[in-house]
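One-based numbering, in listed order, for ligands and for the atoms of each. Position 1 is the first residue of the sequence; numbering continues from there.
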Amino acid sequence: MTDTILALNVGSSSLKFALFSLNGDPCLTPILRGGVERLAATPRLTMAAADGTPLADAVFGGNDGNADVLPFLLNAIESKLEGANLLAVGHRVVHGGRDFTGPRLVTAELLEDLDGLVALAPLHEAQNIAPMRTLRRLRPQLVQVACFDTAFHSTMPEIATRFGLPRAYEAMGVRRYGFHGLSYEYVSGRMQDIAPDLSNGRVIAAHLGNGASLCALLQGRSIDTTMGFSALDGLLMGTRPGTLDPGVILHLLQRQGMTAAQIEDLLYHRCGLLGVSGGIASDMRELLASKDASAREAVELFAYRCASQIGALAAALNGLDGLVFTAGIGEHSPEIRKRVCDRLRWLGVRINEEANDSNAPLISTGASTVEVRIVPTDEEAMIARHTLAKLKNRHRAHA
Ligand code: ADP
């Protein structure tokens with residue numbers, strides 16, 4: 001019987017999943033992928049086979065804002081297993097704190113430790129942990145593995161993790177961690193396959209999706225990144241501001257009478273492209289299609305911030321050999337890549353417009369001193385790989 005691994009990637013308002021079979025071990029073959037949108041209201045499940053054939057499009061749960069989608073999701077996936085066996089579930093967990101620098105088997109002790117990290121990622125961590133507890137109840141035989149988004153950045157040198165705060169705050173866990181680690185780990189691994197020489201050099205990976213960040217990769221390992229203590233820092237994002245003078249927060253608290261909860265809502269849900277465009281959209285495609293001056297400025301600010309922070313990471317890397325675009329905007333928007341790259345001509349970046357317009361894997365010209373590539377990311381595949389590795393360790397330990 002074929003064994004399978006389910007990768008779960010639970011975000012604040014949506015969930016992505018992918019099912020992989022273990023035939024041809026050590027290869028993982030994708031069987032199906034899908035997502036659940038609007039987790040809190042009326043969740044909608046869509047699912048398609050690896051070849052794109054639609055498998056499901058269904059609305060479920062009530063309007064109580066609390067629908068636990070997991071039992072529905074599990075039933076929907078298990079109905080497509082066709083005799084295969086669901087062996088393990090891997091979870092993306094946003095925050096691993098200081099201690100979890102690699103994937104962990106989910107145990108009662110781990111869950112307690114993870115509860116202690118909820119304060120570090122209040123909007124995400126609890127949502128990542130809840131499905132683990134539900135699954136332990138619903139399917140106690142399943143092996144579960146937690147894969148941390150911060151772990152890939154544990155190779156950052158100490159200097160890149162520091163804030164200019166008194167040391168006592170560092171002891172409280174207030175330091176730079178970095179996120180999007182599963183995406184960067186996947187991209188870094190792909191780079192070793194498709195451009196091994198380049199992957200041994202100095203590369204900046206740009207994960208540009210609704211959430212967006214950059215990672216400085218030296219010989220494939222993270223040495224710095226633009227997100228820090230939280231996923232608010234760094235680049236301008238769909239609804240988050242990116243780098244913001246902390247004096248603004250003080251001003252909002254002390255002079256504008258905003259509460260901490262109001263500021264949290266502002267920073268996570270109402271800033272970024274959405275805020276700068278005057279509420280037109282957080283979605284890059286919509287903004288690019290708009291003729292509105294505020295929408296145009298939001299797009300320009302996105303590219304400006306992206307280029308200037310690439311400059312900062314190029315300094316951390318002491319030069320730049322490669323630039324890799326990934327995630328929704330990075331993979332699919334020639335216009336944004338062009339705007340960013342045009343601002344990096346001083347670094348020696350030259351792109352081939354035809355290659356860029358067709359989303360080709362290599363978009364720089366021969367004359368470019370920086371090789372510019374597009375590498376589609378796959379966080380779910382990375383989760384499945386980590387889960388498989390943990391399963392093998394477990395078998396070895398039991399053998
Ligand atoms: P998430 O962070 O939710 O995983 P994605 O990586 O899917 O997000 O990226 C979503 C973003 O990618 C949205 O802003 C969307 O508009 C943008 N995007 C997707 N396709 C295109 C495209 N063809 N052109 C411009 N932007 C695109």
Phe179-His153 aromatic ring centre distance below 6.0 Å: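 That pair fails the under 6.0 Å test.
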Sub-4.0 Å heavy-atom contact, Gly238 with ligand 1: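 Distance cut 4.0 Å: Gly238 fails for ligand 1.
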If hydrogens are left out, which of Glu331, Glu335, Met284, Glu286 has an atom nearest to atom 14 (O) of ligand 1, that is, the closest non-hydrogen atom?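 Closest candidate by heavy-atom distance is Met284.
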For atom 11 (C) of ligand 1, the option (of Ile336, Ile329, Leu287) bearing the nearest heavy atom: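 Nearest option to atom 11 (C) of ligand 1, by heavy atoms: Ile329.
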Which heavy atom of Val36 sits nearest a heavy atom of Pro43, and at what distance? CG1-CB, 3.6 Å
Over all atoms of both residues, closest heavy-atom pair of Glu286 and Ile280: OE1-O, 4.2 Å
Should [X] be counted as touching ligand 1, given the test is an N or O pair under 3.5 Å?
{"X": "Leu288", "answer": "no"}
{"X": "Ala327", "answer": "no"}
{"X": "Lys16", "answer": "yes"}

Considering non-hydrogen atoms of the protein only, which is the closest contact for [atom], and what is the distance?
{"atom": "atom 25 (C) of ligand 1", "value": "Ser333 CB, 3.4 Å"}
{"atom": "atom 23 (N) of ligand 1", "value": "His332 O, 3.2 Å"}
{"atom": "atom 16 (O) of ligand 1", "value": "Asp283 OD1, 2.6 Å"}
{"atom": "atom 3 (O) of ligand 1", "value": "Asn210 ND2, 2.9 Å"}
{"atom": "atom 7 (O) of ligand 1", "value": "Gly328 CA, 4.2 Å"}

Gln141, CD: over 12 other non-hydrogen atoms inside 6.0 angstrom: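 It does: Gln141 CD has more than 12 such atoms within range.
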Same cluster (ILVMFWY, side-chain, under 4.5 Å), Leu317 and Ile159: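 No, because Leu317 and Ile159 fall into different hydrophobic clusters, even though each may have its own neighbours under 4.5 Å.
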Would you check, one step at a time, whether the test salt bridge (Lys or Arg N to Asp or Glu O under 4.0 Å) holds for Arg98 with Glu170? CA-CA 11 Å; Arg98 206 192 301 259; Glu170 164 111 29; 3.6 Å; yes
List ligand 1 atoms under 4.0 Å from Gly211, heavy atoms only on the residue side. 2 (O)
About how many Å separate CG of Leu250 and CZ of Arg255, when rounded to the nearest 0.5 Å? 9.5 Å
Side-chain contact, heavy-atom cut-off 4.5 Å: Arg104 with Val93?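 When only atoms from C-beta onward are counted, Val93 and Arg104 do not touch, as no gap falls below 4.5 Å.
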